[in-house]
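Data block below; observations after.
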Amino acid sequence: MPPVPPVPPMPSVSPAPVLIEQQIDFASAGFLCAILIIASGTGITYMVTGRALQPVTDLSKEIEEIDENNLYRQVQVPPPKDEVASLSVSFNRMIHKLEKSFLAYKHFSANAAHELKTPLAAMLARIEVVQLSDPPILEEYTEALEDMRSNVERLNSIVNDLLQMNSNMNGFRRVIFGANELFETIISEFFLEIQRKHIHIEVHLEDVMLYGEKNLLHQAFSNILHNAIKYNKENGSIRITAVHHSDTTCITFADTGIGIPEDQIDKIFDPFYCVDKSRSRELGGNGLGLSIVKAVIDKHDGSIQVQSEAGVATTFVIQLPNSQSIL
Ligand code: ATP
Ligand code: MG
C-alpha cells in the first residue's frame, strides 16, 4: 500500500479586522441616534404640551391672585372656545355669586350692628340724663326705667328674630298636615288685633294638605298674616286661599291694606328693610319678618311672589312643592 500523504492543516478562520470595526461603528451610531431621537422627542413633547397647557397655567395664576378683597375681579377668558374657556366662564360666574353673597353678608352685619346700637345708645343717653339731675326725682327714675324697658324689649325682639333667621333650621323634617288646622291656630293668635281693627278675614282652604316643616311654615305664614293685619286699614279685609296643583300647592294672602310702592317691592325681603321705618317702629317691627319668610320658603324649595298697588292692596303668592314631587 502506498503511504497516505499527510493532510495539510486547515487554516484557522479569524474575523477580518475591518468587519469588526464596522460593526462597532454601526452600534455606536445606532446608540447615538436613539439618544438623539429620545432627546428631541422629549424636547418636542415638552414644548408642545407646555404650549397647550399655557392657558391652564395662566388661569391658575389669575385664580391665585383672587381673594376676599378683590372678588370683583374676573379671570380672562381665552379666545378659543375650548375647555379652558368654559372653565374660565364658570369660574367667573361662581366668583360673581360669591361676591354677591359676601356683600349681602357685609350689608347684613352692618345693618344688624346699627339696629342693635340704636336702642343701646338710647338707653345710655337716658342714663346720662338721670345722672345729670342732682339728685334725680322719683318720676325721672320711673320714666327712665319705662324707657329702658321698651328698649330692652326691642333688643330682645331683634335678637330673637336674628336667631330665628340664622338658625340652620336643625331637625328640618317635612310632614303632611292639614292647612285648615294650621291657619285656625295662626288666626286665633291674632284674634285681638283683628277685632281691634275690625278686619274681615275670608279663608278658602278646601281641605288642602300641606307638605313641610310645620313649625317653620307656622312662623312664615304667621309673619305674612301679621303684616296683612298691621299694614291694613280699619275695616279692611284679608283673603287666604290654598289650592292644590299637580306639583305644588299655592297659598295666597290678599289684603286691602296700604300697599307697597312698586320700586320697593324687590327690597322688602332684605333684612331690616321697612318701607316706612318710623311706622314699622311704631308697630314694633324690625324689618326681619319677611327675611324669615323667604329663608323658610327657600328651605322648602318653594317660591314667594308679591303683587301690590300702593294705597290699595297687596297679595303674597307662595308655591310649595307637594310630597310626591319631592319623594
Ligand atoms: P317685623 O316683621 O320684623 O316685625 P316689618 O313688618 O316692618 O317688621 P317685614 O315683615 O320684613 O318687616 O316687612 C318689610 C316691609 O314690607 C314692612 O316694613 C312694610 O313696609 C312692607 N310690607 C310687608 N307686608 C306688607 C303688606 N301686607 N302691606 C303693605 N306693606 C307691607
Ligand atoms: Mg312683618
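Only this structure's heavy atoms are used, side chains among them; waters, hydrogens and symmetry mates stay out. First listed ligand is number 1; within each ligand, the first listed atom is number 1.
Counting only N and O atoms by type, the side chains of Ser90 and Asn92 include no donor and acceptor under 3.5 Å apart. No hydrogens or angles considered: a donor-acceptor pair under 3.5 Å links the side chains of Glu202 and His204. The closest side-chain donor-acceptor pair between Ser133 and Glu140 falls under 3.5 angstrom. No side-chain donor from either of Asn322 and Asp247 sits under 3.5 Å from a side-chain acceptor of the other. Looking at Thr248 and Tyr211, their side chains never bring a donor and an acceptor atom within 3.5 Å of each other. The closest side-chain donor-acceptor pair between Asp161 and Asn286 falls under 3.5 angstrom.
Side-chain atoms of Lys214 never come within 3.5 Å of backbone atoms of Val175 as a donor-acceptor pair (strictly under, hydrogens ignored). Distance alone, capped at 3.5 Å, places no donor-acceptor pair between the Asn70 side chain and the Ile66 backbone.
Below 3.5 Å of separation, one finds no N or O of Asp276 facing any N or O of ligand 1. Where the criterion is an N or O separation shorter than 3.5 Å, residue side chain and backbone included, Cys274 fails it with respect to ligand 1. The N/O atoms of Ser291, backbone and side chain alike, include none that comes under 3.5 Å of an N/O atom in ligand 1. For ligand 1, one of its N or O atoms has an N or O atom of Leu290 under 3.5 Å away.
Here the protein heavy atom with the shortest distance to atom 4 (O) of ligand 1 is Gly285 CA, 3.2 Å. Nearest protein neighbour of atom 3 (O) of ligand 1, counting heavy atoms only, is Leu288 N, 2.9 Å. Considering only non-hydrogen protein atoms, atom 16 (O) of ligand 1 sits nearest to Ile268 CG2, 3.4 Å. For atom 23 (C) of ligand 1, the closest heavy atom belonging to the protein is Asn227 ND2, 3.5 Å. Protein heavy atom in closest approach to atom 12 (O) of ligand 1: Gly287 CA, 3.1 Å. Atom 21 (C) of ligand 1 has its closest protein heavy atom at Val275 CG2, 4.0 Å.
Within the structure, ligand 1 lacks Asn223 among the residues with a heavy atom less than 4.0 angstrom away. Look at Gly257 and you'll find every heavy atom at least 4.0 Å from all atoms of ligand 1.
Checked against the 6.0 Å centroid criterion, the rings of Phe221 and Phe253 qualify as a close aromatic pair. Taking the ring centroids of Phe172 and His300, they lie under the 6.0 Å cut-off.
Contact annotation: for Ile260 versus ligand 1, heavy atoms closer than 4.0 Å belong to the side chain alone. At a heavy-atom distance under 4.0 Å, no atom of Phe269 approaches ligand 1. Proximity of Lys230 to ligand 1, defined as any heavy-atom pair under 4.0 Å, is confined to the side chain (atoms from C-beta onward).
Summarising the contacts of atom 28 (N) of ligand 1 with Tyr231, Phe253, Phe316, Tyr273, the nearest heavy atom is found in Tyr231. Considering Leu225, Asp255, Asn286 only, the shortest heavy-atom separation from atom 27 (N) of ligand 1 involves Asp255.
Looking at Glu65 and Arg73, a side-chain N of the basic residue comes within less than 4.0 Å of a carboxylate O on the acidic one, giving a salt bridge. For the pair Glu146 and Arg126, the salt-bridge criterion is not met [side-chain N within less than 4.0 Å of a carboxylate O].
Coordination check, Ser280 versus the Mg ion (ligand 2): failed, since every N/O/S atom of the residue sits at 2.8 Å or beyond.
The ligand atoms of ligand 1 that sit less than 4.0 angstrom from a heavy atom of Ser280 are 7 (O), 18 (O).
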